[in-house]
Amino acid sequence: MTKKELWQSILAKLQSQMSPANFSTWFSNTSVAETQNDLLEIYVPNNFVKEWVENRYYNQILKILREINSGISQVKFIVGRVNTNIKERTIRSSKKNKLIEENQLTLQNISIDPKTNLNKKYSFENFVVGPFNQLAHACCVSIIQNPSSSYNPLFIYGNVGLGKTHLLQATGNEILKRYKNLKVKYIQCERLISLIINSIKNQNIEEMKNSLLELDVFIIDDVQFLSGKEKTQEEFFHLFNFLYERNKQIIISSDRPPKDLSIIEERLKSRFEGGMVVDISMPDLETRIAILKTKCKERGIELSDGVLEYIAENIKTNIRKLEGAIIKIAGYKQIYSENITIEKVKDILKSYIDHNGKATLEKIIKVTAEMYDVKESDILSNTRKKEIVKPRQIVMFLLREELKMSYPLIGRKLNGKDHTTVMHACKKIEDELKVNKDLYEEIELIRQRIYC
Ligand code: ADP
Ligand code: MG
């Protein structure tokens, strides 16, 4: 079996395990390298997809890979592209994109220390502090000054793209720099979960725990992924206590506060709450401009204040997105060496900014319909077809959540639905979200597209 065939089989299996919209979002633009080793190297279009696929689908892919039993047991995701799968609109724009992507590729050439899982690119020097993240930053600084005897555990929460991973990693890097004898480990919660699951299976959980004993600082990113995994949570709880009792510094991040981690054992929640809980909120305009300036400096480009303001005014909720805008402009500038005016930036970021990142009725309907591959008119219609009912309920839920519309108003906007129908739909999605991770991901994705 060639690697291409192998990847095709994995894709076929994956496709049967997830919604068409999710599948096409994350896997339609992937390709595989025909290398002569026992590693499956998958190319993905950008860092965002890479992180997402690694975080959410890695285990699923490994499982399928094992089932196929091709002799290959490892997968690696690489940002870039081998070939073909990307549909090219016009030759000119594809050439432009290709060059821009290549440029991104070199910029993203990063190094992760396998012992600590820390990436040196995250430091405090390139971390901008503003009112939105000041407290979280101060807590980390305090931990750096007194590991294990300042805040323990430290629990940092905030929406995606607001710097949790950066702050956690920078803290780890800084501790290593200051205390040569301390051992630090950073781990994505999903990875930790799979370690725990494997140790349960191999009955060597004690060994695994003991292997962590040598650590002084344990950093766990994105613990919301523990939701709903009972057995794993139990082991996680023991692991947590084990380290905590031995006075190890523990730093945790999540996309929401402990109390909103819905399907997490109470005792685990109270453990998280037992230390310091801080949030990272949204950066204000001034801070967004400061962040853009830092990113420009890193990439060696200069943009006028007007251009920076334009970007900062239009991208408000996600620092990764701010960074992405600079990468796009830097790529453009490198190829065309043109002066970058506001008009030019508007053009370059046209699809990236998309309706100024505001949620509107139209946008919620459009994005949801696209995501589930149904017609916008179906959402407004009264059809009870299952494939339409779900997206329609999600639209109602999002109108309520994002636009704070009343039930009767939502009913009226959706072509005269009864307010009790709307209420029922919102409740249904809320309940379902507590137990269904796929749905959670789908809705997160819709949100991101709405606000991007
Ligand atoms: P999260 O983990 O919260 O989703 P990340 O830490 O991955 O977010 O941040 C997304 C991107 O934004 C990263 O490239 C990171 O370096 C950058 N970033 C986030 N916060 C800041 C900040 N305060 N200053 C500079 N860059 C930041
Ligand atoms: Mg993160």
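Residues: numbered from 1 along the sequence shown. Note that ligands are numbered from 1 as they come in the structure, with each ligand's atoms numbered from 1 the same way.
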Enumerate the atoms of ligand 1 whose separation from the nearest heavy atom of [X] is less than 4.0 angstrom.
X: Ile319; value: 12 (O), 17 (C), 18 (N), 19 (C), 20 (N), 21 (C), 27 (C)
X: Asn133; value: 23 (N)
X: Asn126; value: 24 (N), 25 (C), 26 (N)
X: Asn159; value: 3 (O)
X: Lys295; value: 16 (O), 17 (C), 25 (C), 26 (N), 27 (C)

* To do: Measure the distances from the heavy atoms of Val160 to every atom of ligand 1 and state whether one is below 4.0 angstrom.
  =>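 Val160: in contact with ligand 1 (<4.0 Å).
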* Assess Gly161 for proximity to ligand 1: is some non-hydrogen atom of it under 4.0 Å away? =>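 Yes.
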* Decide, counting backbone as well as side-chain atoms, whether Ser253 has an N, O or S atom less than 2.8 Å from the Mg ion (ligand 2). =>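 Coordinating: no.
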Measure up the [X] and [Y] rings against each other and bin them: parallel (under 30°), tilted (30 to 60°), perpendicular (over 60°).
X: Trp7; Y: Phe77; answer: perpendicular
X: Phe240; Y: Tyr244; answer: parallel
X: Trp52; Y: Trp26; answer: parallel

Considering heavy atoms of the protein only, find what lies nearest to [atom] and give residue, atom and distance to 0.1 Å.
atom: atom 2 (O) of ligand 1; result: Thr165 OG1, 2.7 Å
atom: atom 23 (N) of ligand 1; result: Val128 O, 2.8 Å
atom: atom 13 (C) of ligand 1; result: Glu323 OE1, 3.4 Å
atom: atom 6 (O) of ligand 1; result: His166 N, 2.7 Å
atom: atom 19 (C) of ligand 1; result: Gly163 CA, 3.3 Å

* To do: Kindly indicate whether the side chain of Leu167, heavy atoms from C-beta on, has any atom under 4.5 Å from the side chain of Asn133.
  =>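 The answer is no; the side chains never approach within 4.5 Å.
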* Asked: Taking distance alone, with no angle check, do Lys121 and ligand 1 share an N/O pair under 3.5 Å?
  ->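 No - when backbone and side-chain N and O of Lys121 are compared with those of ligand 1, no distance drops under 3.5 Å.
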* To do: Say whether Leu162, considering both its backbone and side-chain N or O atoms, lies within less than 3.5 Å of an N or O atom on ligand 1.
  =>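 N/O-N/O distance under 3.5 Å: yes.
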* Asked: Within 45 degrees of the axis of the six-membered ring of Phe242 and under 6.0 Å from its centre: does Arg246 put its NZ or CZ there?
  ->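 Judged by the rule, Arg246 and Phe242 form a cation-pi pair.
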* To do: In sequence, state the C-alpha distance, the side-chain angles, and the governing distance for Glu54 and Lys50, and then conclude on salt bridge (charged side-chain N to carboxylate O under 4.0 Å, His left out).
  => CA-CA 6 Å; Glu54 282 178 346; Lys50 176 172 184 285; 3.3 Å; yes
* Asked: Is it true that Tyr57 and Phe27 have ring centroids separated by less than 6.0 Å?
  ->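 Distance test on ring centres: under 6.0 Å, yes.
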* To do: Using heavy-atom distances, let me know which of Lys164, Gln169, Arg320 sits nearest atom 10 (C) of ligand 1.
  =>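 Comparing heavy atoms across Lys164, Gln169, Arg320, the nearest one to atom 10 (C) of ligand 1 lies in Arg320.
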* Asked: Are the side chain of Ser150 and the backbone of Asn146 linked by a donor-acceptor contact shorter than 3.5 Å?
  ->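 Not confirmed, Ser150 side chain does not pair with Asn146 backbone.
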* To do: Would you mind checking if Glu442 and Lys390 are paired as a salt bridge, meaning a charged N to carboxylate O distance below 4.0 Å?
  =>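 Answer for the salt bridge query: yes.
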* Verify the distance criterion only: is there a donor paired with an acceptor across the side chains of Arg271 and Asn241 at less than 3.5 Å? =>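 Checked: Arg271/Asn241 side chains pair up, N/O donor to acceptor below 3.5 Å.
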